Amino acid sequence: MKNKEIAAHLDRIADALEIKGEIGFKVIAYRKAARVLADMTDDIENLAAEGRLQQIPGIGGGIARKIDEYLKTGEMKKYREALTGIPEGLLELLEIQGLGGKTIHLMHQELGIRDLEDLKRAVADGSLAGLRGMGEKRVENIRKGIESRERVRERVTIYEASLIADELIAYLKKTRLVSRVSAAGSLRRMKETVGDIDILATGKPGAEIIRRFTGFPGTLRVLAQGETKGSIVVRIEGAERQADLRIVAESEYGSALQYFTGSKAHNIKLRGMAKERGLKLSEYGVFRGDRKIAGREEEDVYEALDLPWMPPEMREDRGEIELAARNALPMILGAGDIRGDLHVHTRASDGSQEIPELVELARRLGYSYIAVCDHSQSVKYAGGLSPERLKRQMREIDAINQDLGDFRILKGTEVDILHDGTLDFPDEILRDLDFVVAAVHSGFKTNVTERMLRAMENPLVRVIAHPSGRLISGREGYDVDLDRVLKQATETGTALELNAYYDRLDLNEFYLKKAREAGIKISLGTDTHSAGGLQMMRFGVGIARRAWLEKSDVINSLSGEELAAKSRAAALSPSSRRRARPSRQGG
DNA sequence: GCCGTTTTCGGCCCGACTGTTTTCAGTCG
């Protein structure tokens with residue numbers, strides 16, 4: 001698939017045009033086309049072959065021609081043209097806070113600045129200060145921008161951000177001055193990584209709440225402290241992050257929450273719709289002329305635009321607004337649809353809990369089952385179980401299950417997919433289990449695709465765990481062709497895992513969406529190795545919601561008995577999974 | 001460059017902040 005490659009080209013063109021001072025709307029058009037392309041699960045080459053490029057929203061005649069040209073020749077004339085006269089290092093400067101295309105263009109023209117090093121020199125030797133429109137403060141801000149770009153990690157994981165946000169919210173509630181408070185931004189949309197932490201609150205007096213906020217014990221620095229807005233820097237896992245608090249009036253809470261939740265693209269489209277209706281939408285409300293017609297609740301804001309409320313996880317301008325307008329939003333997965341955790345480890349391999357503790361924790365979450373899936377023998381570093389130890393564990397589980405009433409422990413394994421694609425346990429053993437998860441744990445560069453495809457041919461394999469193998473905080477993942485894995489999953493009826501551990505979230509939302517469209521079943525498991533690990537399910541559910549998965553797409557919505565039924569053919573065969581798509585209720 | 005049950009041309013989201021200006025441009029979210 002060349003979608004991402006072409007999107008990167010279009011983004012590059014936008015960068016270059018921005019610096020060249022091209023009309024802003026043209027830049028916006030390129031950026032929008034790039035975003036739509038990067039999000040799209042259909043293969044751009046297929047659409048091009050069918051002459052349907054212009055049916056993609058945001059792609060018109062001009063960009064369609066450029067995509068065609070690229071697919072045919074491997075080149076885009078416009079790309080070369082746009083980048084002519086623009087040194088590679090100049091584009092990077094757009095990433096510095098406070099620096100935009102206009103200023104970069106001027107610096108390049110007047111001072112011959114070509115990259116970050118040139119810019120640093122110009123700041124140091126005072127030549128930057130000589131530029132028109134450049135005062136002492138702007139130079140200082142640019143200096144700070146360069147510094148913070150080098151110090152701040154791009155984004156932090158959703159889990160790390162949630163910990164701080166939860167702490168901040170609890171801290172604010174304790175003041176008794178705030179009445180309503182919520183996380184907003186990408187945190188509320190449950191993106192896998194988060195930039196800044198945005199918190200919205202109502203309460204009085206604003207200045208006092210902000211003062212308390214900036215006095216948060218974890219504050220490293222206070223960036224701003226006004227009557228309605230405060231900004232602080234906090235430390236998360238060694239990285240510095242900005243956290244913003246905004247105080248709004250009760251009557252504006254809904255529109256402010258809507259606005260600060262985003263995404264930007266979603267908001268832009270909503271505003272366009274408001275305008276078409278002769279309305280104006282801002283963080284202060286929905287207005288007809290000077291009269292405010294909505295703003296107190298998010299539902300009211302959407303209703304004023306003739307739309308149903310939509311879940312924050314869907315607000316990315318990926319078609320959700322159009323569906324909502326037809327009252328055809330899917331009923332996406334809810335936390336309550338998850339009846340159990342399908343991937344947990346115990347002390348038998350590399351977990352830190354005994355089975356009864358895990359049962360207790362799972363019961364507290366309202367689950368009716370867990371699948372114990374410890375590692376298999378060849379995963380030495382994780383204490384993988386030999387066949388004998390696995391059999392002993394199965395007997396132990398049988399014994400515990402006797403006394404559990406309506407709760408059930410599924411006897412499972414996370415069996416290793418070996419270097420030749422065979423499994424680490426023979427079928428005789430796998431056959432006695434309730435739930436077989438297979439996964440790659442070594443040889444990340446060695447025939448991973450072929451090995452996975454082969455493992456999926458075994459009908460005893462129910463799920464492929466963490467199919468991409470990536471770690472969000474920094475591991476590329478296996479050298480694997482996920483499109484072929486998806487195809488094989490469709491053909492064999494194997495489910496794919498959405499590993500809910502915050503650093504994995506694997507499959508990611510892009511491939512989850514593809515899997516959903518192909519009718520592939522998804523299995524959510526936290527892969528927990530510790531007591532708190534079961535709680536990670538909320539991130540898995542968040543990503544599932546971002547991919548628009550519905551209850552019926554997820555095997556965790558089945559009962560323990562249904563899952564333990566040996567024949568996966570009945571419940572999971574490809575033929576029975578062909579999705580009839582009935583019209584849906586909004587929600 | 002995209003787009004159209006108001007338009008094939010003339011629009012294109014909105015508001016705040018900052019720093020540099022003397023009425024506004026640039027940047028950000």
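Throughout, protein chains are lettered first and strands after them, A, B, ... in sequence-line order, and every chain is numbered starting at 1. What's counted below: heavy atoms across the whole structure, side chains too, no hydrogens, waters or symmetry copies. Not measured: the values here are computed from a predicted model.
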Original post:
For atom C1', what is the distance between dG11(B) and dT6(B), given to the nearest Å?
Top reply: 12 Å
Original post:
Checking side-chain hydrogen bond (donor to acceptor under 3.5 Å, both in side chains) against D317(A), which of R35(A), K264(A), H266(A), K32(A) comes through?
Top reply: R35(A)
Original post:
Can you check whether K280(A) has a side-chain N or O nearer than 4.0 Å to OP1 or OP2 of dG15(B)?
Top reply: yes
Subject >> 5′-ward residue of the pair A29(A)/I268(A) relative to DNA chain B >> reply: A29(A)
**OP:** Take the protein atom CG of L305(A) and the nucleotide atom P of dC13(B), then report the distance between them rounded to whole Å.
**Re:** 15 Å
**OP:** Check the chi torsion on dT20(B) and let me know: syn if it falls within 90° of 0, anti if not.
**Re:** anti
**OP:** Verify, without hydrogens or angle tests, whether R143(A) (side chain) and V123(A) (backbone) share a donor-acceptor contact under 3.5 angstrom.
**Re:** no
**OP:** Count the heavy atoms of every other residue, nucleotide or ligand shown that sit under 6.0 Å from CD of E50(A), and state whether that count exceeds 12.
**Re:** yes
Original post:
Considering the options K102(A), K26(A), R31(A), which one meets the side-chain hydrogen bond (donor to acceptor under 3.5 Å, both in side chains) requirement together with E18(A)?
Top reply: R31(A)
**OP:** Rounded to the nearest angstrom, tell me the gap between atom CD in E276(A) and atom P in dC13(B).
**Re:** 11 Å
**OP:** Select base, sugar-phosphate, or nothing to describe what I23(A) touches, counting heavy atoms under 4.0 Å on all strands.
**Re:** nothing
Original post:
In whole Å, what separates the P atom of dA25(B) from that of dT20(B)?
Top reply: 16 Å
**OP:** Write down the distance separating the P atoms in dC3(B) and dA16(B), rounded off to the nearest Å.
**Re:** 30 Å
**OP:** Find the distance K32(A):NZ to dC12(B):C1' and express it as a whole number of Å.
**Re:** 11 Å
Subject >> Identified salt bridge (charged side-chain N to carboxylate O under 4.0 Å, His left out) partner of E509(A) from the options R189(A), R318(A), K191(A), R516(A) >> reply: R318(A)
Original post:
Between dC14(B), dA16(B), dG1(B), which nucleotide has the shortest distance from any of its atoms to the side chain of K275(A)?
Top reply: dC14(B)
**OP:** Without swapping roles, check the side chain of R504(A) against the backbone of N499(A) for a donor-acceptor pair under 3.5 Å.
**Re:** no
**OP:** Could you tell me whether K66(A) contacts a base, only the sugar-phosphate backbone, or nothing, with contacts defined as non-hydrogen atoms closer than 4.0 Å?
**Re:** sugar-phosphate
Original post:
Separation of E252(A) atom CD from dC14(B) atom P, in whole Å?
Top reply: 17 Å
Original post:
Roughly how far apart, to the nearest Å, are dG4(B) and dG19(B) at atom C1'?
Top reply: 40 Å
Original post:
With sugar-phosphate meaning primed atoms plus P, OP1 and OP2, does F25(A) contact a base, only sugar-phosphate, or nothing at under 4.0 Å between heavy atoms?
Top reply: base
Original post:
Does any donor atom in the side chain of E250(A) or T202(A) lie under 3.5 Å from an acceptor atom in the other side chain?
Top reply: yes
Subject >> Nearest-0.5 Å distance, CD of residue E147(A) to CD1 of residue I142(A) >> reply: 13.5 Å
Original post:
If you measure from the C1' atom in dC2(B) to the same atom in dT7(B), how many Å do you get, rounded?
Top reply: 14 Å
Original post:
What is the nucleic acid contact for G61(A), judged by heavy atoms within less than 4.0 Å: base, sugar-phosphate only, or nothing?
Top reply: sugar-phosphate
Subject >> Rounded distance (Å) that lies between atom P of dC12(B) and atom CD1 of I28(A) >> reply: 11 Å
Subject >> Spacing of K26(A) atom NZ relative to dC2(B) atom P, expressed in whole Å >> reply: 10 Å
Original post:
With sugar-phosphate meaning primed atoms plus P, OP1 and OP2, does I59(A) contact a base, only sugar-phosphate, or nothing at under 4.0 Å between heavy atoms?
Top reply: sugar-phosphate
Original post:
Along nucleotides 19-29 of chain B, 5' to 3', which nucleotides get a B, which get an S, and which get a -, given that the test is a protein heavy-atom distance under 4.0 Å?
Top reply: SS-----SSSB
Original post:
With both distances under 3.5 angstrom, what nucleotide forms a Watson-Crick or G-U wobble pair with dT8(B)?
Top reply: none
Original post:
Taking atom C1' in both dT8(B) and dG1(B), what distance in whole Å separates the two?
Top reply: 15 Å
Subject >> Side chain proximity check, Y70(A) to E5(A), heavy atoms < 4.5 angstrom >> reply: yes
Subject >> First encountered from the 5' end of DNA chain B, between K269(A) and Q54(A) >> reply: Q54(A)
Original post:
Can you tell me how far C1' of dC13(B) sits from CD1 of I321(A), to the nearest Å?
Top reply: 12 Å
Subject >> Same-atom distance (P) from dT21(B) to dG26(B), integer angstrom >> reply: 13 Å
Original post:
Which whole-number value in Å describes the distance from L270(A) CG to dC14(B) C1'?
Top reply: 13 Å
